[in-house]
Amino acid sequence: MRMLHPLKLPVVAVLLLLTAGPVVDAQESDALNFFRQNPSSMRPLFRTDPALRRAPVSPPRVARPRSREDGEFQQRRLMIPRSEQDLAILPQSDRPYVPVSVFVHVLGDSLAELLAQGLKEHLADKGEIGVLRKARSSSGIVRDDFYDWNKGLRDLFAGSEKVDLLVMMIGSNDRQPLRDETGNHEFRTDRWREIYAKRLDDLLGIVQEKKVPLIWVGLPVMQSQRLTTDMLYLNDILRERVARSGSTYVDIWEGFASDQGQYAAVGPDVNGEIVRLRTADGVHFTKAGQRKLGFFVAKDIDRLLSRIPGETSIAALPSDLSEQIRRDAPGLAPYSLQSALPLPETLPLLPVIRERPLAGPVMVLTEPPVTAGGQLLNGRAATPASEMTILVEQALGYGRVPFAKPGRADDFLTR
């Protein structure tokens, strides 16, 4: 077969298009006429008959787990008074709501803010105790121009908020010169220590005047060696002044230090697990560290609340039950323990227990059983001491087993 030249192919294609055009038009016109005459034969590409449509299948509904903000818990949250919603620890869904009756105010610097959060988490099961965070970051006792804590305490007691107990943690920002009417005084000088102690006494005196229990939390060990030395210096002053005022001082140094007393970013938490307790800056606390910090303070909070009248954790029993019954139920007859449980006039004497000696008589287990006269229990004379020595030497020195005696445990022939 002869092949066409490549230059002739475009010419042939143009000729085919010109000759095939009328045929195509004719075919299209015949098809259109057929569908115009038989419209029922037309079928759309997609069926649109409503009877043939299927309703969209929605995915099955899966019950979403109830969160703390759903259902019964949300209703209980609405039951909390609006004035207590910012401080009360919301109860779990399986525990009824307990109104807050004891208000603990936490004051201090940024470390006190973390302490307040740790106390809230640690006292979450005690709904009657509300923790209020009144800390001021970057505050201290040296600079009263930034925030005056003496004025802040007076305003707190003069306000309408109930104050049952105070927790204070402050001092990490006091490593700076102190100014008074005589001028500036450098940190850790004798004059600085004197003025700083005086300001602490004034602050503690305001609390003593209101007779409110106070827990002062000491400063922790820091990552910086110089900062750690300064914290020890401040803790000595704080411990001394707080002890003189009669308040409670909580030392947390060993709780966040290693066995050698050095800074430790990782250590045991309240459950004994080894976790990270301090943040990367070497000063503040992580979540686990906050909880551990609150654990140390919560023990003293429970101890001090037991001394507050009307807020005791362990109710004291009345000394006279009859007085209580007359007060609560005056219609009942007076109750007497002696009439219910009559006691005899004379009580039997208690048996005398003789004093027992520290050690009993010494008994030699290797000697043969003998009577008081030195005779064997089977009637034969006891083995002389010289013969016993020979038997011991033969057994222990030469390894010779002594002959079995009749009736002894090693006498297998006469059994």
Side-chain angles (χ1 to χ4, degrees), residues 89 104-126 129 131 133-135 137 139-141 165-175 200 204 213-243 245-306 313:
I89 300 300
V104 179
H105 297 251
V106 181
L107 300 84
D109 49 20
S110 58
L111 295 180
E113 294 180 353
L114 304 178
L115 170 61
Q117 183 63 30
L119 276 176
K120 284 185 177 182
E121 296 180 3
H122 191 77
L123 300 175
D125 295 336
K126 299 181 179 181
I129 301 178
V131 179
R133 184 170 56 186
K134 296 300 181 64
S137 181
S139 65
I141 302 176
L165 193 144
L166 287 177
V167 178
M168 195 153 193
M169 186 177 186
I170 197 171
S172 61
N173 301 315
D174 289 339
R175 302 166 53 250
L200 282 174
L204 295 169
L214 171 65
I215 298 177
W216 197 293
V217 184
L219 301 172
V221 58
M222 302 294 183
Q223 186 176 11
S224 171
Q225 186 63 34
R226 182 177 179 181
L227 187 58
T228 298
T229 306
D230 293 340
M231 295 300 105
L232 286 172
Y233 176 79
L234 290 170
N235 280 340
D236 290 340
I237 304 176
L238 295 173
R239 186 184 297 106
E240 176 189 357
R241 311 319 294 186
V242 172
S245 66
S247 301
T248 303
Y249 180 83
V250 178
D251 191 352
I252 62 171
W253 191 273
E254 295 183 357
F256 294 94
S258 62
D259 296 337
Q260 294 76 25
Q262 302 297 324
Y263 171 82
V266 178
D269 61 354
V270 293
N271 299 320
E273 299 180 2
I274 304 301
V275 297
R276 188 171 185 85
L277 302 175
R278 309 295 288 271
T279 57
D281 61 0
V283 176
H284 297 88
F285 298 92
T286 61
K287 270 292 192 190
Q290 298 171 19
R291 183 75 182 273
K292 186 175 182 179
L293 185 61
F295 168 76
F296 289 123
V297 183
K299 296 187 298 183
D300 289 280
I301 288 179
D302 185 66
R303 178 179 57 85
L304 290 176
L305 288 180
S306 62
S313 58

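- Atom NE2 of H284 sits about 5.0 Å away from atom CG of L111, to the nearest 0.5 Å.
- What you find for L234 and G171 is that their closest heavy atoms are CD1-O, 3.2 Å.
- Using modelled atom types, no side-chain atom of S258 and backbone atom of A264 make a donor-acceptor pair closer than 3.5 Å.
- M169 places a side-chain heavy atom less than 4.5 Å from the side chain of P220.
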Side chain to side chain contact (heavy atoms under 4.5 Å, CB included) between Q117 and R291: does it pass, once the steps are laid out? CA-CA 8 Å; Q117 183 63 30; R291 183 75 182 273; over 6 Å; no

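- Interatomic distance, CG of L238 versus OG of S247, reported as 12.0 Å (0.5 Å rounding).
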Full working for side chain to side chain contact (heavy atoms under 4.5 Å, CB included) between H105 and L165: CA-CA 6 Å; H105 297 251; L165 193 144; over 6 Å; no

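- In this structure the side chain of L304 reaches within 4.5 angstrom of the side chain of I215, judged on heavy atoms.
- N173 places a side-chain N or O within 3.5 Å of a backbone atom of S139 that can act as its donor or acceptor partner.
- What you find for T279 and R276 is that their closest heavy atoms are O-NH2, 4.0 Å.
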With side chain to side chain contact (heavy atoms under 4.5 Å, CB included) as the test, would you mind laying out the steps for V283 and L227 before giving the verdict? CA-CA 9 Å; V283 176; L227 187 58; 4.1 Å; yes

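- Residues I237 and Y233 meet the side-chain proximity criterion, which asks for heavy atoms closer than 4.5 Å.
- Exactly one of K126, K287, K292 qualifies for a salt bridge (Lys or Arg N to Asp or Glu O under 4.0 Å) with E121. That residue is K287.
- Under the 4.5 Å side-chain criterion, counting only non-hydrogen atoms from C-beta, W216 is not in contact with R239.
- Contact record, I170 with G108: CB-CA, 4.1 Å, taken as the closest heavy-atom pair.
- A 6.0 Å sphere centred on CD of E254 holds no more than 12 heavy atoms belonging to other residues, nucleotides or ligands.
- Distance check: F296 CZ to H122 NE2 gives 10.5 Å after rounding to the nearest 0.5 Å.
- Side-chain contact between R175 and M231 is present, with at least one heavy-atom pair separated by less than 4.5 Å.
- Partner K134 forms a side chain to side chain contact (heavy atoms under 4.5 Å, CB included) with one of L107, V167, L166 and no other, that one being L107.
- For Y249, the side chain to side chain donor-acceptor pair (under 3.5 Å) partners two or more places apart in sequence, or in a different chain, are N235.
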Could you go step by step and tell me if S172 and D109 meet the side-chain hydrogen bond (donor to acceptor under 3.5 Å, both in side chains) rule? CA-CA 8 Å; S172 61; D109 49 20; 2.7 Å; yes

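- Of all the heavy atoms in A288 and V275, the pair that sits closest is CB-CG2, 3.7 Å.
- By the side-chain contact (heavy atoms from CB on, under 4.5 Å) test, N271 is found to be paired with D269, residues two or more places apart in sequence or in another chain being considered.
- Relative to the ring axis of Y263, R278 does not place its NZ or CZ within 45° and under 6.0 Å from the centre.
- With a 4.5 Å cut-off on side-chain heavy atoms, L119 and I301 count as touching.
- The shortest distance between side-chain heavy atoms of L219 and W253 does not fall below 4.5 Å.
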In sequence, state the C-alpha distance, the side-chain angles, and the governing distance for T248 and R303, and then conclude on side chain to side chain contact (heavy atoms under 4.5 Å, CB included). CA-CA 11 Å; T248 303; R303 178 179 57 85; 3.4 Å; yes

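- Distance CG/D230 to OG/S224: 8.0 Å, rounded to 0.5 Å.
- Closest approach of E113 to A135, counting heavy atoms only: CG-CB, 3.4 Å.
- Annotation for M222 and T228: closest pair O-OG1, 2.7 Å, computed over non-hydrogen atoms.
- Side chains of M168 and L214 form a contact here, defined as non-hydrogen atoms less than 4.5 Å apart.
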